[in-house]
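Below: the structure, in structure tokens.
All values below come from the heavy atoms of this structure, side chains included, with hydrogens, waters and symmetry mates left out. Computed from a prediction, not measured in an experiment: that's the story for all the values here. Proteins get letters first, then strands, A, B, ... in listed order; numbering begins at 1 in each.
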Protein chains: 2
Amino acid sequence: MSSLPRKQSVTAQDVAHRAGVSRAVVSRALSNNGSISPDARERVLRAAEELGYQVNFLAQGLNRRRSHLIGVMVSRISDPFRSSLLDALLGEIQRRGFQALVSEIRSEQDLARTLRRFAQFRVSGVIVTSGQPPETLVNECVSQQIPVVGINRQPDIPFVDYICSDNACGATLAAGQLVGNGCRRFGWLNTSHSTWAGRMRGEAFYQALSTLGVDITRDWQALIAPTEGYDGGFQAALSANEHPEGIFCANAQLACGFLDGMRQRGRHAPDDFQLIGFDNTPQTAQYSYQLTTLHQDVAEISRQALTRLLERAEDPQQPSRTTWVDVQLIHRRTSPLSQ
Amino acid sequence: MSSLPRKQSVTAQDVAHRAGVSRAVVSRALSNNGSISPDARERVLRAAEELGYQVNFLAQGLNRRRSHLIGVMVSRISDPFRSSLLDALLGEIQRRGFQALVSEIRSEQDLARTLRRFAQFRVSGVIVTSGQPPETLVNECVSQQIPVVGINRQPDIPFVDYICSDNACGATLAAGQLVGNGCRRFGWLNTSHSTWAGRMRGEAFYQALSTLGVDITRDWQALIAPTEGYDGGFQAALSANEHPEGIFCANAQLACGFLDGMRQRGRHAPDDFQLIGFDNTPQTAQYSYQLTTLHQDVAEISRQALTRLLERAEDPQQPSRTTWVDVQLIHRRTSPLSQ
DNA sequence: TTGAAAGCGGTACCAC
DNA sequence: GTGGTACCGCTTTCAA
């Protein structure tokens, strides 16, 4: 318990002094910005090294009116898909030299508070993976030149960019697979308060089926899970009376719950029914599930998100863009490849 | 695509002007710090409201030498326990009015870089949930008066506080349960490169068994999973030749994998063996697993972590403290209550 | 190329 | 109680 030296942090002034130049030169040397002689540059860099100098990001940000922070809005991180998306986002954010500010959103109020807080930190960008921030709120960001990108959100706010998995394509693949496997009656499982992405998947599934010649009015039904997640899927399986042969499911958690609920009733995939989920979470690959599912490419989504953010930082007035990221059908046991 | 008003953000100066006072008064009114007349205070607050004034945290932090940021170091967020811990931490951090800076650590290098970066943002504290930062590195924080707390880390650095689940107690509960259920031969499943917490659980399990009269040399064995997580547990189940009746497992992912691996070999809990895991992740509660497990109270852990952080901010020189958080045995199917 | 100086937006001390 | 003012640490003109 000896008392430690209470070293005040070293500033650009200290470096300047040691290198025998002015603070301005130090700044230039470190930011590669403004002209400087190779010699001075060298001396500064060495001095900085020797002193263990680290830029004060608060001061830097105050000046540049922009921190090296990127705000990420998430919710229910403990959901496997969400956490893997967050994982990928963090990786990408760090790779590009930014630092993530992450906030969990539990209500509309949180949403507003968080967005303001992000602005107060002069973030370089905001990534929304959850909730639908009201347009007026987002405009506070836009007017402060803070780029905003939504992931799997409904693309409806001007000057905001969107990155979405290609839900329609995924649903079409699922429909094709189930039809090809000989299913006749189809089900669509989703929660009642679905996200936009979920609804989109459902609609595209419906469309794809009818295109494939399925008699929608007779052979299609919607199963509504009472709650989100695994439990919702489980309940849905228990409560439904008569089940279709081919079921497409809005996400992986619902699908796993549904599978287990059916098991409890003594019904198993793929013999008694076929099931395709979305998200390809790690759990879907496990021995006890082996769920056929549509893989969302979170790495690519993250890459695109950061790219958009930087582009819009360059040119804030450019028109809103939406990028669709390919999904991939992963064949597992609940819906085998057609023979 | 109409061009938006490019409103510069409103500053304390603007508020001062509108309220007919000086910048200093504005600062006092908003920070409840320093004396001010009720009247002036009122006027400032109203002006701020009307203008939609928001403090610039960068400027504020620069001045106070401390931002309202708390750095959180995590790794492999997509692991269910880790993400639920992060979830709880974020909640608590926000509840206390801070904003989380989160960084994913993938290597020792990341660890150093991240810690420095946190310091550059003048964080109010650092929470380490992953990795073992070298003492010299942590001292850079300590000497800058940045409180550091480790969660489930080995308590070994001066001036750093630690919050840990009571692993020993958990292991003892597990041992008691297995012995009480009539198991004779015991196994301990862990990965070879275990965390400190994992090792501690194993040692306490061993201790508890011998205290309960188990012949350790004959009836105890260690099962080593080749890799982390579900797959590691799965492999371990496949490769072991003869299995003990009662198995305690370092974490939930290993346990689920093990359970599935055993299933593939046609062996099931609790008939063929009993299994107790750690972490009580959502997955362990699911129909297909129903795993008996030790619950870590992530909410309490998070609360304690923040409390320590704030305490040490008050008094940086106080001696290092370690807090043990109770764990709870959740009875499920893989190790039923003794008759 | 370089240094002086004017901020960035607040905070806090000090006279009044 | 209040306003003036000297910073916090860095960036960026602007003249030299």
Side-chain angles (χ1 to χ4, degrees), chain A residues 7-45 47-48 51-69 116-117 119-124 144-145, chain B residues 7-45 47-48 51-69 116-117 119-124 144-145:
Chain A
K7 166 185 58 180
Q8 270 301 359
S9 46
V10 19
T11 75
Q13 187 62 269
D14 302 329
V15 177
H17 187 247
R18 182 180 247 266
V21 296
S22 73
R23 236 161 65 233
V25 175
V26 173
S27 176
R28 284 178 206 129
L30 274 75
S31 57
N32 294 321
N33 188 346
S35 56
I36 184 177
S37 73
D39 173 53
R41 168 193 196 65
E42 182 56 36
R43 289 213 311 286
V44 169
L45 258 33
L51 265 43
Y53 171 71
Q54 309 276 112
V55 186
N56 180 328
F57 284 152
L58 264 25
Q60 184 180 76
L62 177 57
N63 243 293
R64 304 224 234 247
R65 331 183 131 49
R66 203 98 300 172
S67 61
H68 258 67
L69 259 20
R116 295 226 168 79
R117 199 135 34 85
Q120 293 184 269
F121 280 110
R122 299 293 186 269
V123 295
S124 295
Q144 289 181 57
Q145 312 265 52
Chain B
K7 166 184 59 179
Q8 270 302 359
S9 45
V10 18
T11 76
Q13 188 62 268
D14 303 329
V15 178
H17 187 248
R18 182 180 246 266
V21 295
S22 74
R23 234 158 71 234
V25 174
V26 173
S27 177
R28 284 176 209 131
L30 274 75
S31 57
N32 294 321
N33 188 346
S35 57
I36 184 177
S37 73
D39 173 54
R41 169 193 197 63
E42 183 55 37
R43 291 214 311 285
V44 169
L45 259 32
L51 265 43
Y53 171 72
Q54 308 277 110
V55 188
N56 179 330
F57 284 152
L58 263 24
Q60 185 179 75
L62 177 56
N63 244 295
R64 303 225 234 248
R65 320 182 143 53
R66 204 98 303 170
S67 61
H68 258 68
L69 257 19
R116 295 227 167 78
R117 199 135 34 85
Q120 293 183 269
F121 279 110
R122 299 294 185 267
V123 295
S124 295
Q144 290 182 57
Q145 312 265 54

Interatomic spacing from CD in B:Q120 to OG in A:S9 - rounded to 0.5 Å: 10.5 Å

Sugar-phosphate, base or nothing in reach of B:R23, heavy atoms under 4.0 Å: base

Nearest listed nucleotide, side chain of A:V21, among C:dG10, C:dG3, C:dG9: C:dG3

Pairs satisfying side chain to side chain donor-acceptor pair (under 3.5 Å), at least one member in residues 52-69 of chain B, at least two apart: none

Closest non-hydrogen atom pair between A:N33 and A:R28, with its separation: O-CG, 3.2 Å

OG-NE2 distance between A:S22 and A:H17, expressed to the nearest 0.5 angstrom: 12.5 Å

Nearest heavy atoms of A:L62 and B:A59, plus distance in Å: CD1-CB, 3.8 Å

Under 3.5 Å, side-chain donor or acceptor atoms of residues 36-45 of chain B against the rest of the protein: list the pairs with distances, not counting sequence neighbours.
residue: B:S37; atom: OG; partner: B:A40; partner atom: N; Å: 3.1
residue: B:D39; atom: OD2; partner: B:R43; partner atom: NH1; Å: 2.7
residue: B:R41; atom: NH2; partner: B:N32; partner atom: OD1; Å: 2.6
residue: B:R43; atom: NE; partner: B:A19; partner atom: O; Å: 3.1
residue: B:R43; atom: NH2; partner: B:A19; partner atom: O; Å: 3.3

Integer-rounded Å distance: C:dG10 P and A:R65 CZ: 12 Å

Which atom of A:V15 lies closest to which atom of A:A48, heavy atoms considered: CG1-N, 3.8 Å

Chain A contact limits on DNA chain D, taken 5' to 3' with a cut-off of 4.0 angstrom to heavy atoms: D:dG9 to D:dT13

Hey, what are the protein-to-nucleotides 13-16 of chain C N/O distances that come in under 3.5 Å?
residue: C:dC13; atom: N4; partner: B:R28; partner atom: NH2; Å: 3.3

Touch class at under 4.0 angstrom, heavy-atom based, for A:T11 against every strand present: sugar-phosphate

Contacting residues from residues 54-63 of chain B, given that a heavy atom lies under 4.0 angstrom of DNA chain D: B:L62, B:N63

Listed partners of B:S27 passing side-chain contact (heavy atoms from CB on, under 4.5 Å), at least two apart: B:S31

Spacing between A:R66 atom CZ and C:dC8 atom C1', to the nearest angstrom: 13 Å

Sugar-phosphate only, base, or nothing, as touched by A:V26 at under 4.0 Å among non-hydrogen atoms: nothing

Residue pairs fulfilling salt bridge (charged side-chain N to carboxylate O under 4.0 Å, His left out) with at least one residue in residues 10-27 of chain B, sequence neighbours excluded: B:R18-B:E50

Neighbours of DNA chain C within residues 30-45 of chain B, by heavy-atom distance under 4.0 Å: B:N33

Relative orientation of the end axes in the helix from C:dT1-D:dA16 to C:dC16-D:dG1, expressed as an angle to the nearest 10° (five pairs per end): 40°

